[in-house]
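First listed ligand is number 1; within each ligand, the first listed atom is number 1. Fair warning: this is a prediction, and the values are worked out from it, not measured in the lab.
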Amino acid sequence: MCGIVGYVGSQVSSRAQDVVMEGLARLEYRGYDSAGIALVADGAIESRKRSGKLANLISDIGQHPLAASSTAIGHTRWATHGGPTDANAHPHLGGPDGKLALIHNGIIENFHALRTELLEAGVEFASETDTEVVAHLLARAYDGDLTTAMRAVVARLEGAFTLLAVHVDQPGVVVGARRNSPLVVGLGEGENFLGSDVAAFIGYTREAMELEQDQIVTITPDRVEVIGFDGESAKGKTFHVDWDAAAAEKGGHEWFMEKEIHEQPQAVADTLLGRTDETGALVLDELRISEEQLRNVDRITFVACGTAAYAGMVAKYAIERWTRIPVEVALAHEFRYCDPIADERTLVVSISQSGETMDTLMAVKHAHDLGALTVSICNTHGATIPRESDAVLYTHAGPEIAVASTKGFLAQITACYLLGLYLAQLRGESYADDARVVLTELHETPDRIAEVLDRLDRVREIAHFMADTRSVLFLGRHVGYPIALEGALKLKELAYIHAEGFAAGELKHGPIALIEPGQPVFIVVPGPDTPHGLHGKVVSNIQEIRARGARTIVIAQDGDTAVEPFADEVIRVPRTSPMLQPLLTAVPLQVFAMELANAKGLDVDQPRNLAKSVTVE
Ligand code: F6R
């Protein structure tokens, strides 16, 4: 939530503005309520900010160009305190003479008290934001050194924040601070960068530096200095970004989401890459928790939100079967409040594409405090959640820019399966053979996903016919149940259509009353060889709703003819073993939601009210 960019170079030119505006374009997925930029130019702060999407700011700058500069900061906002207006847009200026500019991602929880104190001291505010409070505090604390002022101010702040500031009296310096919100440094030659994530500066450098919690960073054109909030000097951990600017472009697709859907075979293949030895056994080197500790695990809890939580729900079915360890899935924002049971034999696995979701981060910290072992499944190198965890299993889906998660989801399921199969291998449980077959089949899955992607013309047509639909239901059972929930979530968030996902067996306990003639219902059908006769039960469920007039759109495996008499539409996916079906059946539902949003003329990549990275609780 909120994207942040900072830049210092040695030349006074248009580069500072170009770098920051390009960074904002790449970070816009983090929030698009407003955008703004501030430059230190000719002994003053030149600031421009506009509500609405970045395009509004670009058009404003086109009409009234900004001055040349060597030092700039920029912000793209997801509104928290104060509506999405020009006045509430960042940057905010501090001090009566506006000599300081500040941008912020996060929430200052004690801002009321601080604002009252400043009002009593005669400070006038131009916005309703918590950020402006910090700008004024910083201006008042400034006594010739911005880093020192930042140290004094962060000591007074409660909550989560990344802050970037510039001051007129120190051109060529940007100072950043972070607590529970993301900030990375981009290392250039004769120039340096700051960003909420590496996408901010990927067009300029692939060398980056992680910052720890509670650190302040000062960048100049040729220096990066890190200190803790306590003033102790610190050393950031450098890393090389293994993707380039092209990976953060649309690559000829209309939407990032479309591109990311098409990248799913690669995302799954890359997540599997290098995780088996020559005998085919799993070797999860990066897991950093001893085999003995893992053998002793007697409970697994997934903590995650939204789509990532559905990945956990899919994994529950698989991991319980393969390991016989009880698995529960907790929505991260509820976890802390249900007095969770966890100790040193509990493995708490967080799933987060961004690695920055505040609810998930807080759940991980709570689990850690309870003494649990914490593993992060994450797609973003150097993000906060993996750093706060005992171990990390990275998904290798590449940058996910569209707000709605797609390739991140499939990569999450894949990584969860790797973890489950690894535990099964360590423990030698009764279903080890089953697990071995799945591991072999997992490696064939990218080709099967590619096959699904080749067959989606009918899904696109159905989406276009349904552009005026007001409600869609989704049914599934077993691992198909979370996929039904995911199909409904995708449709809600992208097409703003009322959608509900149900376990198909639950229908007769109430929701079947919703079925009336013409009601569209998607049904994710388990393969005919799914244990416990589930296939037959779902076919009966389809019959039941069809008899009441539902329009049934069935997702079924190749060769499953039993569904045909009761289906208005059949969308085929290749045959695969039951646990791997979610990696195929999720794809038509993603495409359906995307196409329907497209047919309604909506912004597929940036749905209303949302942001990619949810860094507030
Ligand atoms: C839905 C979606 C969200 C995220 C959720 C968690 O398409 O993208 O529901 O899955 O906000 O985000 P991460 O995985 O970054 O923690």
Worksheet, complete the sentence: A student checking ligand 1 against Ala404 at a 4.0 Å heavy-atom cut-off should list atoms 7 (O)

Worksheet entry | Under 4.0 Å to a heavy atom of Gln412 - the qualifying atoms of ligand 1, by number | 14 (O)

Worksheet item: What are the atoms of ligand 1, with element, lying closer than 4.0 Å to any heavy atom of Lys490?
Response: 1 (C), 7 (O)

Worksheet, complete the sentence: For Ser352, the atoms of ligand 1 under 4.0 Å from one of its heavy atoms are 13 (P), 14 (O), 15 (O), 16 (O)

Worksheet item: Going by an N to O cut-off under 4.0 Å, is there a salt bridge joining Lys250 and Glu254?
Response: no

Worksheet item: For the side chain of Gln264 and the backbone of Ile449, is there at least one donor-acceptor N/O pair under 3.5 Å apart?
Response: no

Worksheet item: What protein heavy atom sits nearest atom 11 (O) of ligand 1, and how far away is it?
Response: Val614 CG2, 4.2 Å

Worksheet item: Would you say the side-chain atoms of Thr380 pair up with the backbone N or O of Ser354, donor to acceptor, closer than 3.5 Å?
Response: yes

Worksheet item: With sequence neighbours left out, which residue pairs that include part of residues 355-379 fulfil the ring pair (Phe, Tyr, Trp, His ring centres under 6.0 Å) condition?
Response: none

Discussion item. Tell me the protein heavy atom at minimum distance from atom 12 (O) of ligand 1, and give that distance in Å.
Written reply: Thr357 OG1, 3.5 Å

Worksheet item: Which residue supplies the protein heavy atom nearest to atom 7 (O) of ligand 1, what is that atom called, and how far is it?
Response: Glu493 OE2, 2.5 Å

Distance-only check: which donor-acceptor pairs under 3.5 Å involve side-chain atoms of residues 327-335, not counting sequence neighbours?
{"from": "Glu328", "atom 1": "OE2", "to": "Thr301", "atom 2": "OG1", "distance (Å)": "3.3"}

Discussion item. What I want to find out is whether Arg458 reaches Glu461 closely enough, with some N-O distance under 4.0 Å, to be called a salt bridge.
Written reply: yes

Discussion item. Evaluate Ser405 for polar contact with ligand 1, using N/O atom pairs at a separation under 3.5 Å.
Written reply: yes

Discussion item. Measuring from non-hydrogen atoms of Ile385 to any atom of ligand 1, is the shortest distance under 4.0 Å?
Written reply: no

Item to complete: Would you mind checking if Glu356 and Lys612 are paired as a salt bridge, meaning a charged N to carboxylate O distance below 4.0 Å?
Response: no

Fill in: Element-labelled atoms of ligand 1 that are located less than 4.0 Å from some non-hydrogen atom of Gln353
13 (P), 14 (O), 15 (O), 16 (O)

Worksheet item: Yes or no on salt bridge (charged side-chain N to carboxylate O under 4.0 Å, His left out) for Glu569 and Arg551, after CA distance, side-chain angles and deciding distance?
Response: CA-CA 8 Å; Glu569 300 280 352; Arg551 177 151 183 264; 3.7 Å; yes

Item to complete: Keeping the roles fixed (side chain from Thr357, backbone from Asp359), state whether a donor-acceptor pair exists under 3.5 Å.
Response: no

Fill in: Closest approach of any protein heavy atom to atom 2 (C) of ligand 1, naming residue and atom
Thr307 OG1, 3.7 Å

Response to the item:
Near Ala308 (heavy-atom distance under 4.0 Å), the atoms of ligand 1 are 10 (O), 14 (O)

Discussion item. If we ignore hydrogens and angles and just use 3.5 Å, is the side chain of Glu400 paired with the main-chain N or O of Gly408 as donor and acceptor?
Written reply: yes

Discussion item. Within the 4.0 Å heavy-atom shell around Val403, which atoms of ligand 1 are there?
Written reply: 8 (O)

Worksheet entry | Nearest protein heavy atom with distance in Å, relative to atom 15 (O) of ligand 1 | Ser354 OG, 2.7 Å

Worksheet item: What protein heavy atom sits nearest atom 6 (C) of ligand 1, and how far off is it?
Response: Cys305 O, 3.4 Å

Worksheet entry | Polar contact flag for Lys612 and ligand 1 (N/O pairs, less than 3.5 Å) | no

Fill in: Exercise: identify the closest heavy-atom pair between Ala484 and Gly476
CB-N, 3.7 Å

Worksheet item: Under a 4.0 Å heavy-atom limit, does Glu356 contact ligand 1 with its side chain, its backbone, both, or neither?
Response: neither

Worksheet item: Can you list the ligand 1 atoms lying under 4.0 Å from a non-hydrogen atom of Gly306?
Response: 9 (O)

